[in-house]
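One structure is given here, and the rest of the page talks about it.
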Amino acid sequence: MLRGRREQVHGGVLLVLVLPCLWWLTVPLLAGYQLARTARRMARRVFPVRPEGHVEDPEVFRVQRVRAWAALVISVGLLTVFGSRKDVAEAQKQVLERVLFAPWLALLSAAVVVALLFWAARPGARRTMRTQLWPAGRSALWYFGAWTLVPLLFIAAGKGMGLLPSSANGLFGLLLRASVMFVCWAPFWWVIFFLCFASGPALRHAFNLSAVHAALPALVTSALVWVFAFLGQSSGGLPPGPVPLAVCAFLGGPVSVTALAWWEIHRLRRRHGVRWRG
């Protein structure tokens, strides 16, 4: 009898000790899940996986995926065989720079490519393209507005946390701190989740520009990859290794992406009747 009561007491004490830990773990997970869920819903609404005008070509997508994996393997192989610690640090720096500057350079490239294609189009096609420019521009404003809000919300959350009363103790003080923390940081993390879910479709489909012209995503991708290649070469130089191999590695990425883009446009012209000026 004493042993059974002792086990019940130990079990009750263990439950009392575990419940606060579960509460502190469960509540942030549930709040983060709801934030991520609503952010993903909004991201898919602004940047759908298959936007208007997008032509799904499984063969092109398969070749693009193989090219991306091959480029990753070649880059890692060059760093492993010929790279030093400085080269690895430079590669990490370039990856971070691409993550930060890719959206802005993509917008600039898209504006230039759209202007050239709009100038080359026939007058009738220009009127049709003009009606589709505003939805694409609106989605781009959503995306870059979210990027602009990230530092502003981070600063606002830090200042809001500084307003927490230091004299609040006990259960009321704990609930007050948790509530203020959620109110301060929830908008920041919602925007972060939105950017995580929106960045892939936004950059892949060039901010829904396929509705303006089906060839625009491929053209913007080609322009963007050359911009990144020359920016990386000007800041970090050629990849590590012998000069002929380094030159091939430097030109291989943008040349292969451009070749795939032109192959995709060729298939659009042959299978779906897409014309430059039509």
Side-chain angles (χ1 to χ4, degrees), residues 18-54 56 58 61-62 64-65 68-69 72 92-107 110 134-164 171-211 217 220-221 224 228:
V18 169
L19 276 178
C21 298
L22 292 177
W23 182 81
W24 278 106
L25 181 64
T26 304
V27 172
L29 287 177
L30 289 177
Y33 172 75
Q34 290 299 328
L35 288 175
R37 185 180 180 184
T38 56
R40 183 181 184 275
R41 188 184 300 121
M42 180 59 69
R44 291 294 179 264
R45 186 181 304 170
V46 179
F47 297 101
V49 179
R50 293 177 178 83
E52 182 183 355
H54 173 68
E56 192 73 27
F61 178 73
R62 191 180 306 113
Q64 289 174 343
R65 186 169 54 183
W69 280 107
L72 179 62
Q92 294 175 350
K93 178 184 175 183
Q94 289 184 5
V95 170
L96 180 60
E97 289 177 350
R98 291 190 180 191
V99 171
L100 293 176
F101 295 114
W104 309 97
L105 292 176
L107 180 64
W134 168 239
R138 184 174 54 193
S139 62
L141 287 176
W142 262 93
Y143 188 78
F144 290 99
W147 268 105
T148 307
L149 282 176
V150 168
L152 299 179
L153 291 176
F154 184 82
I155 295 173
K159 291 185 177 180
M161 293 296 295
L163 299 177
L164 279 172
L171 181 61
F172 175 75
L174 183 65
L175 294 177
L176 180 61
R177 290 174 182 275
S179 301
V180 173
M181 185 180 298
F182 179 79
V183 171
C184 290
W185 288 104
F188 172 79
W189 284 110
W190 189 93
V191 173
I192 293 295
F193 286 133
F194 174 82
L195 289 173
C196 290
F197 290 115
S199 294
L203 297 180
R204 189 182 308 117
H205 302 301
F207 308 106
N208 300 333
L209 284 176
S210 56
V220 172
T221 302
L224 184 62
F228 271 125

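Heavy atoms only: backbone and side chains are in, while hydrogens, waters and symmetry mates are out.
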> Mind checking whether W189 and F194 have side chains closer than 4.5 Å, heavy atoms only?
Replying inline: no
> Does the ring centre of W142 sit less than 6.0 Å away from the ring centre of F47?
Replying inline: no
> Do you know the tightest heavy-atom contact between L195 and A146?
Replying inline: CD2-CB, 3.7 Å
>> Rounded to the nearest 0.5 Å, what separates atom NE2 in H205 from atom OG1 in T221?
In response: 10.0 Å
>> Could you report the tightest heavy-atom contact between L209 and A136, atom names first, then the distance?
In response: CD2-CB, 3.6 Å
>> What's the separation between atom CZ in F61 and atom CZ in R65, rounded to the nearest 0.5 Å?
In response: 5.0 Å
> Measuring from F207:CZ to L107:CG, what's the distance to the nearest 0.5 Å?
Replying inline: 5.5 Å
>> To the closest 0.5 Å, what do you measure between CZ (R40) and CZ (R45)?
In response: 12.5 Å
> Does some side-chain heavy atom of Y143 sit less than 4.5 Å from a side-chain heavy atom of S199?
Replying inline: yes
> For the residue pair A106 and V220, what are the closest heavy atoms and their distance?
Replying inline: O-CG1, 4.1 Å
> Is there a donor-acceptor contact under 3.5 Å from the side chain of N208 to the main chain of P201?
Replying inline: no
> Within a reach of under 6.0 Å around CZ of R44, are more than 12 heavy atoms found that belong to other residues, nucleotides or ligands?
Replying inline: yes
> Is the W185 ring parallel, tilted or perpendicular to the F154 ring (thresholds 30°, 60°)?
Replying inline: perpendicular
>> So that I know where these two stand, are F193 and F188 an aromatic pair - ring centroids less than 6.0 Å apart?
In response: no
> If you take all heavy atoms of P187 and L153, which pair is closest and at what distance?
Replying inline: O-CD1, 3.6 Å
